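Each remark here refers to the structure printed beneath this line.
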Amino acid sequence: RRLFFDTHALVCLLEENGFTTQQSEVIVSALVKIMDTNLDMIYKDMVTKVQQEIALQQVMSHIGGVKKDMIILEKSEFSALRSENEKIKLELQQIKKQVTDEITKVRADNKLNLNLEKSRVKELHAQQDRALTQTDRKIDTEVADLKTMLESHKLDNIKYLAGSIFTCLTVALGFYRLWI
């Protein structure tokens with residue numbers, strides 16, 4: 001292992017700052033031991049280039065195996081998806097046919113109901129027209145009867161008026177003859 005600083009220069013620096021040679025050497029040797037321990041800890045977590053290449057090759061072989069498995073799964077999943085898709089298409093066609101049949105039934109029922117209602121309304125209008133016609137006839141008959149009755153009363157009144165006038169004239173002539 002190499003240390004990346006000058007231990008002798010550190011001893012000299014410590015001596016210049018008031019440490020004895022023995023104290024400076026003890027401090028530097030303690031620092032070297034600490035650094036060695038730290039480097040040992042760091043080296044335990046590190047891998048060498050050869051180990052890294054081996055691990056990389058293992059990972060690449062695992063990736064190749066996974067790719068092959070994925071291709072196989074993809075093909076089998078694709079065919080399963082295709083068959084599932086075909087089943088869904090058939091079900092959709094059946095549902096579409098059922099919905100079309102139901103719509104046709106509903107339309108036919110609605111047309112039938114609409115035609116029934118139209119015929120009911122027409123019959124109701126016809127009944128109302130018949131009732132109005134009968135009412136108009138009754139009114140016309142009653143008006144004609146009233147006109148006939150009015151004419152009859154008019155004639156009776158004219159007869160009574162004429163009779164009264166002739167009676168008055170007769171009485172007046174009778175008085176006129178008596179006085180003259």
Side-chain angles (χ1 to χ4, degrees), residues 1-140:
R1 289 188 184 159
R2 292 184 188 169
L3 296 177
F4 296 102
F5 68 95
D6 187 3
T7 55
H8 179 67
L10 183 59
V11 169
C12 291
L13 181 67
L14 288 173
E15 286 177 356
E16 287 175 9
N17 286 314
F19 287 95
T20 63
T21 303
Q22 189 179 8
Q23 289 174 337
S24 298
E25 287 176 357
V26 169
I27 290 173
V28 169
S29 71
L31 282 174
V32 168
K33 283 182 185 177
I34 290 171
M35 287 178 67
D36 282 342
T37 306
N38 284 338
L39 287 175
D40 286 341
M41 296 295 285
I42 289 171
Y43 286 146
K44 282 182 186 176
D45 292 338
M46 295 177 124
V47 292
T48 63
K49 215 173 202 183
V50 174
Q51 290 173 331
Q52 185 178 5
E53 287 293 325
I54 292 170
L56 182 62
Q57 289 300 322
Q58 289 174 346
V59 167
M60 292 305 282
S61 68
H62 284 300
I63 288 174
V66 169
K67 278 185 181 179
K68 287 177 186 175
D69 291 344
M70 284 180 66
I71 290 171
I72 292 169
L73 282 174
E74 184 178 322
K75 286 180 181 178
S76 66
E77 283 292 318
F78 186 69
S79 63
L81 285 174
R82 184 178 283 160
S83 65
E84 188 69 28
N85 194 17
E86 290 299 320
K87 286 179 187 176
I88 291 172
K89 280 183 183 179
L90 290 174
E91 289 175 8
L92 281 175
Q93 288 174 351
Q94 290 174 349
I95 291 171
K96 185 178 179 181
K97 185 179 177 188
Q98 289 174 351
V99 168
T100 305
D101 292 342
E102 287 296 320
I103 288 173
T104 305
K105 284 180 186 177
V106 168
R107 282 184 181 167
D109 288 345
N110 285 342
K111 283 183 181 179
L112 180 65
N113 289 338
L114 187 63
N115 289 334
L116 285 173
E117 287 300 317
K118 281 182 181 178
S119 66
R120 285 181 190 156
V121 168
K122 284 181 183 178
E123 190 169 325
L124 184 64
H125 282 296
Q127 287 176 354
Q128 288 175 349
D129 288 344
R130 277 184 257 142
L132 281 174
T133 305
Q134 287 176 357
T135 305
D136 286 345
R137 285 182 189 160
K138 283 182 183 178
I139 290 172
D140 290 342

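All heavy atoms count here, side chains included; hydrogens, waters and symmetry mates do not. Note that the coordinates shown come from a computational prediction; the quantities given were computed from them, not determined experimentally.
- Summarising the geometry of Q51 relative to T48, their closest heavy-atom pair is OE1-N, 3.0 Å, with the distance given to 0.1 Å.
- Distance check, rounded to the nearest 0.5 Å: CD of E16 to CG of L14 gives 9.5 Å.
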task = Evaluate the criterion side chain to side chain contact (heavy atoms under 4.5 Å, CB included) for residue pair V121 and H125; output intermediate values, then yes/no.
result = CA-CA 6 Å; V121 168; H125 282 296; 3.3 Å; yes

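- Atom-to-atom distance recorded for Q128:CD and T135:OG1 is 11.0 Å, nearest 0.5 angstrom.
- How far CD1 of I34 is from CG of L39: 12.0 Å, rounded to the nearest 0.5 Å.
- Counting only heavy atoms from C-beta outward, the side chains of V11 and E15 approach each other to under 4.5 Å.
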Sequence neighbours excluded and cut-off under 3.5 Å, please list the side-chain donor-acceptor pairs for residues 80-98, or say none.
from, atom 1, to, atom 2, distance (Å)
S83, OG, S79, O, 3.4
S83, OG, A80, O, 2.8

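- The side chain to side chain contact (heavy atoms under 4.5 Å, CB included) test applied to Q22 returns T20, not counting sequence neighbours.
- Sorted by first and then second residue, the side chain to side chain donor-acceptor pair (under 3.5 Å) pairs with a member in residues 110-122 read E117-R120; sequence neighbours excluded.
- We find the CG-CG distance between L114 and D109 to be 12.5 Å, quoted to the nearest 0.5 Å.
- Atom NZ of residue K105 and atom CD1 of residue I103 lie 12.5 Å apart, to the nearest 0.5 angstrom.
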